[in-house]
Protein chains: 4
Amino acid sequence: MLKRTKINASVSPKGSLETLSQREVQQLRETGSGSVYRLFRQCALAILNTGSHSDNAKTILEAYPDFEVKIHQQDRGIRLELINAPADAFVDGEMIASTREMLFSALRDIVYTQSELENKRIDLDSSEGITDYVFHLLRNAQTLRSGVEPKMVVCWGGHSISTEEYKYTKKVGHELGLRGLDICTGCGPGVMKGPMKGATISHAKQRNLKGRYLGLTEPGIIAAEAPNPIVNELVILPDIEKRLEAFVRVGHGIIIFPGGAGTAEEFLYLLGILTHPDNQDLPFPVILTGPKSAGPYLQQLHDFIGATLGEAAQQRYRMIVNDPAEVAREMAVGIKTVRQFRRERNDAFHFNWLLKIDESFQHPFEPTHEAMASLNLTREQPLHHLAANLRRAFSGIVAGNVKENGIRLIEEHGPYEIRGETTIMHPLDRLLQSFVEQHRMKLPGGSAYEPCYRVVD
Amino acid sequence: MLKRTKINASVSPKGSLETLSQREVQQLRETGSGSVYRLFRQCALAILNTGSHSDNAKTILEAYPDFEVKIHQQDRGIRLELINAPADAFVDGEMIASTREMLFSALRDIVYTQSELENKRIDLDSSEGITDYVFHLLRNAQTLRSGVEPKMVVCWGGHSISTEEYKYTKKVGHELGLRGLDICTGCGPGVMKGPMKGATISHAKQRNLKGRYLGLTEPGIIAAEAPNPIVNELVILPDIEKRLEAFVRVGHGIIIFPGGAGTAEEFLYLLGILTHPDNQDLPFPVILTGPKSAGPYLQQLHDFIGATLGEAAQQRYRMIVNDPAEVAREMAVGIKTVRQFRRERNDAFHFNWLLKIDESFQHPFEPTHEAMASLNLTREQPLHHLAANLRRAFSGIVAGNVKENGIRLIEEHGPYEIRGETTIMHPLDRLLQSFVEQHRMKLPGGSAYEPCYRVVD
Amino acid sequence: MLKRTKINASVSPKGSLETLSQREVQQLRETGSGSVYRLFRQCALAILNTGSHSDNAKTILEAYPDFEVKIHQQDRGIRLELINAPADAFVDGEMIASTREMLFSALRDIVYTQSELENKRIDLDSSEGITDYVFHLLRNAQTLRSGVEPKMVVCWGGHSISTEEYKYTKKVGHELGLRGLDICTGCGPGVMKGPMKGATISHAKQRNLKGRYLGLTEPGIIAAEAPNPIVNELVILPDIEKRLEAFVRVGHGIIIFPGGAGTAEEFLYLLGILTHPDNQDLPFPVILTGPKSAGPYLQQLHDFIGATLGEAAQQRYRMIVNDPAEVAREMAVGIKTVRQFRRERNDAFHFNWLLKIDESFQHPFEPTHEAMASLNLTREQPLHHLAANLRRAFSGIVAGNVKENGIRLIEEHGPYEIRGETTIMHPLDRLLQSFVEQHRMKLPGGSAYEPCYRVVD
Amino acid sequence: MLKRTKINASVSPKGSLETLSQREVQQLRETGSGSVYRLFRQCALAILNTGSHSDNAKTILEAYPDFEVKIHQQDRGIRLELINAPADAFVDGEMIASTREMLFSALRDIVYTQSELENKRIDLDSSEGITDYVFHLLRNAQTLRSGVEPKMVVCWGGHSISTEEYKYTKKVGHELGLRGLDICTGCGPGVMKGPMKGATISHAKQRNLKGRYLGLTEPGIIAAEAPNPIVNELVILPDIEKRLEAFVRVGHGIIIFPGGAGTAEEFLYLLGILTHPDNQDLPFPVILTGPKSAGPYLQQLHDFIGATLGEAAQQRYRMIVNDPAEVAREMAVGIKTVRQFRRERNDAFHFNWLLKIDESFQHPFEPTHEAMASLNLTREQPLHHLAANLRRAFSGIVAGNVKENGIRLIEEHGPYEIRGETTIMHPLDRLLQSFVEQHRMKLPGGSAYEPCYRVVD
């Protein structure tokens, strides 16, 4: 356990929760002592830890065992009291503005989710209900802005990548920013930071003061991947599946950079949706890219998609090696098509209503050992169901690697077992093996990677 | 019935309702054909009629019998189709921006109220529940702004006043605006317009581009008192009592100008609250004012308060005759005290949480002939109960004068009967009589006033 | 002499002159004691007197004989000390923001003019040099804004008009503002105020916060026609001819309302320029308009133009009686043509470089008795020379009516004599006579008009 | 010579020169073909080359021998036509916004200087005249903003520094930005870029959208040190001495990072001024800092100051090794003192009028071989004269190293000879020697450094 400097402080809302009724303040205070307290404390700690490089949930939580956050009622609204908080979040005793914003964003989203659930306003049993819920959560976070032209590019990829790969993501972000495009990521380090950093500089060069750096996260991930400080809009979705849906509903195009199991999960999710027959005519630019050194990795991922989901899936994206400007140009062109399509169909620019997401991609997957073991990874099912199950397999591996619950499960029961057809398990095993060899499963500066899974043929 | 120019048009949201979910659009569309349709149509017609001088609900409604408003679903949001709409709301075929804003404000408030009621989120049985509801409605209308210094002056008074009185309200508004104060009124003509008009000019003189002209109305009144076009924030509260509560919660001070039964209702409401023991130490500047010619009227009202509620009530306001600058100076000083008080008590600047409103002032009063006849207008009750009942008496008279329902009731059953103690009924009768004599009950350009009540000793 | 409330105060720059070098502060201070002091004192007094209705220069100056304005040097910049200033310019001891802006606008323009003259940077001997000077003065006042669409409507007409005419100008201004058009006037009362007041309300209705109310004046006129407080940009040109050139270079269209000799001067100036052969193809919308009651007046002016300058001149404007909406529509259409024309010719939107102004309209006319008597008012000259001389005749009459110098000359030498051909002098005499009969020469509340001229056949 | 991609393009003004008179456009066009053309072409080329790493003027100029820039007249203003321009300045054929701004900033400053000189408005013979000229040039560039709190930190240091030193400057910039401070540098690479880059990120973290990145350069330097693209205000002063004066007049504090001869020149200039008796009580925070690895370098520079100018000079700055947060805290405290001092003395926040600059620091030094050889580097003169002459010695060396003229002189006549007292020449020789050893004189990727001077005892 590291020794860290700690500080006590008291902060008022900025950006969210500034106008509350007395009843809402009361509810918030009860939250502070109730069941969601642990969740909020964990998110708060991650946010205050912004900029730290550890991505192991347990490490961060253990570094500040006596951290506390109290919600105080004031007639005028609320005030947070922080005890034993990470000192890095403060400058000369005052909390950094972006950290303050994110802290209250977390409170806002957790409270909203909680309150909607309690009031039973959400219908989580239907596909439409889930989509509606994602929409309302994003709108409540003021992420949906009417009348803004399509320009949100989602960047997916690993939090732990090589220096060369990181520099490449900055270059791509720089080229995107030069073309007036905004960036949305999972809001942690690595690929989640590089494109934002690059775009910050190029937005400045283009005198664009309104650049958006949207971070979408979820409670299980935020502690492992503390938001990077460039993020100027933070939304905490309640789980992995809502977060993935948020990405594909607000993004106008997606770039896949090198990464590990999490990136593979995202990529499979996306391809599973785009190969759905209903989405056949829907334009959605997707680019798989990386620096020259990542060439073999990209090819391997591409081959894995070919081997499991086939050529139809491969045709929904373009692979570009080592050419940031070309990536940005291609994305800009693709987004123009999206704009045209939505205009013709009268669809909103800020939310992709027309995208069909099968329910199998919407329901949360709880990666117990039993659930992992019983995933159907055979070809005896429609293509998008196979994609959904492959997605779940990777989701479980991510949990076993970095999420608090997953790590504990593995500590208790040993690695997950994943079973299926040879023609699927073989490529899967190879891909995972190469992730290990390329240190894509490893934490920076951490010890050797101990797989949390076993592929069983 | 007048002959009027009509127009068909289609408008998209501005200022409200720009980002809707598909389900919300669906609900709105159902609204368009459901039970609240009549209410929305009526408000819409009043708003489109902005600037017209008729204040008889029936007159306006009858002038546009074939007016229709349809809500259309678009993937992108909603669109209103207007059929046979008043042509004055348009310039060269395009709807005036403020009218468009108000139209969607009305839709926003009516839909919000309806949806909250349907979802049973509101507790209208407790005093706290009602206050909370008023708060949420105002917040949903973006009327509550955190961090803004107290400067909202409520102006109450008649919609139908003499030219001299109207000019006087403009002068007072001008002096208020010179001192950086904002204006809130019932948003119709007369006293509801004059101070806003005066402040528009003085805000311009002081290069103040952020002047607020807040109009608070309710469905039964809006048709009779179509919003004046200076209003740049319009909120439609569901009934008289919520509207009155909104006034005293968002206003930092109140000015009473000459008026008729409606003004008396408002004044009694205010004094009934301020004389409540819990509000004894709460600063709340109230000024009763008018031009020289209104001197006798002001004195009479002052005497009526003295005769019925006594000296304690008289001490909660100051009477200033014919001195606009002094009115504004006094109000500015009073609001400074309010600011200091709220700062000390940590109360919000944007909502007066600390003001105690007795439940007797919060529950709607339905002015049936029976209810009017059974009002307890004796001294055998606490002072604020007497004030509450006197307030109800005037509320009934207003309804009988200008509201659709009230007018119909009177047409059917003849005038209301009002009974009580001589020491109360006598001053009341005199006051009402003088209102009639001074044409404060009369509609402009209308026929002689036919009282809708009989005072019975 | 009136008795007036006076105040002493000290004000810092706002809007102009905020960043000065030490040398500039020094120059300003010397100004304060030097030859231009009298000029600045007079303008300052007029500005502080904003809203007053007297339009006799002598009256205002005599009302505040002990008014003084001192320029103090501070390391940080300058500060004005006002002694015995009109109290109306202040609210609770603080100067009204717009007054403060105008005060420093006056200082800015007077100092700029003075400094340019001293440094001999201006070439007042050539037509190009004069135009260049007008351009630089306007640019220094930040009046010229690149990239703004054409929408500046100049309104000319009398400062002393009937209530009906005044209301009509407000209505026209209201209709112009509804169509997004800005207003430029001579910045005094009457026609110089009405359209601005109307547009203030309609700009508010259209939620247009950037409405411009540009006032162009000159030292000899400002004292007589103190700027109305709606003006949010004030420029003081050094003389009548520069001011007239500023009007036609920055305005995209011009409306002529009823007025007296000053209005006739402006109208003749405009027609003299527009009938120049070089301007034949240049679009420039001009509308002559007034309420129904002004119909005969408009017809008379129209006839006078026909009788003296002929049909060619009449074709450069359109006469519209009693139809504010039609005036605004026509102007909006005309300005669209201007926009198209400038785009095609690559001419600036903010300054009408392509308009040819003959030197005879640019050089100042000093209305001595001799100059007035020797004006060539015959047909033995090109049309635009005749127009120029007629313009001068009216210019002299204006001076004799309201300007300090002119009034003194008339007091000393009696009325001017004006001579010329019968076919010109006859209509001129009739027009002037009707001005007198219609009280267009009279000061409000003043004594009977004593003509300052004699028309000699 | 490198092979580079070239492009032809046509651009319109942005940020400057948008509203020009026809005469000004004419003058500009003549400039395009006149004597200042070569100067503008050179600056334009450097700006278009922004981001390039070469800092040898000849290299850049030779890389684009056929680059041309033509000024075209349009009625609406001007347009620049670029022929064979560096392609890197464009994104998909459109010039990057910041580059466009800088291009017109250069034109603005060169034209202003030229025009002021031609019109003989400047008095370059007196100290006050020179200061006044610097003030006007900065004001014309809209760099002086009244009412803004003091927060401009000047960062001086080398363009060619080690990676560790560069990272350190970024960290210091980051800490300055966290505290709301702005950055001003010589606007090239290395120390001129690092602090701006760091502050860009921390300004974003603090949600500060108004961060200023002010670059002050001069024609002889801009080609060698092309402005880095973060600069959002660029001013080209006419020569070294005006540029140095601009730094100390607009900066509220100065940080000296490691660098070579140029940095030494700047440091000597600053200390020469601060040790002037008139500036004894004037607060001016100066910090000498660098990373741990630069410790010996800093000590050496500190010792050199001690050996030549003595302890008094050493007391005007503080040396901080390897502590970015402490540097920023110290600077923030120092600037608070400056703020307090200026407030008390009524001095402007935007221009340090009270700082006394001796004329010996204001007049340009032309580093001919003769001038260099005859510099008085003895102790037989007042301290600030010695500082002035030492400054000149370094100025000459900079010219010989990177400026076009200097390089040509050295090519023709061989190295400069510098003579003086042993107690001065000895430390000087050692310092220069160590600069060479530490590669502080070397161009990145260039060949071994060939000294352009010889120190003669």
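Letters go in sequence order (proteins before strands), and every chain restarts at 1.
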Does some side-chain heavy atom of B:I201 sit less than 4.5 Å from a side-chain heavy atom of C:K197?
yes
Please classify the contact of B:E101 with chain C as side chain, backbone, both or neither, using a heavy-atom distance under 4.5 Å.
side chain
What are the two closest non-hydrogen atoms of C:R207 and B:N232, and how far apart are they?
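Smallest interatomic distance, heavy atoms only, reads NH2-CA, 3.2 Å.
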Which pair of heavy atoms, one from C:K205 and one from B:I96, lies closest together, and at what distance?
O-CG2, 3.7 Å
Enter the distance from B:R329:CZ to C:D92:CG here, rounded to the nearest 0.5 Å.
5.5 Å
Got more than 12 heavy atoms from elsewhere within 6.0 Å of CD, C:E149?
yes
Over 12 foreign heavy atoms within 6.0 Å of CG, B:D88:
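Atom CG in B:D88 is not packed in, count stays at 12 or less.
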Contact leader toward chain B among C:A97, C:S202, C:A328, where contacts are heavy-atom pairs under 4.5 Å
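With the most close heavy-atom pairs to chain B, the winner is C:A97.
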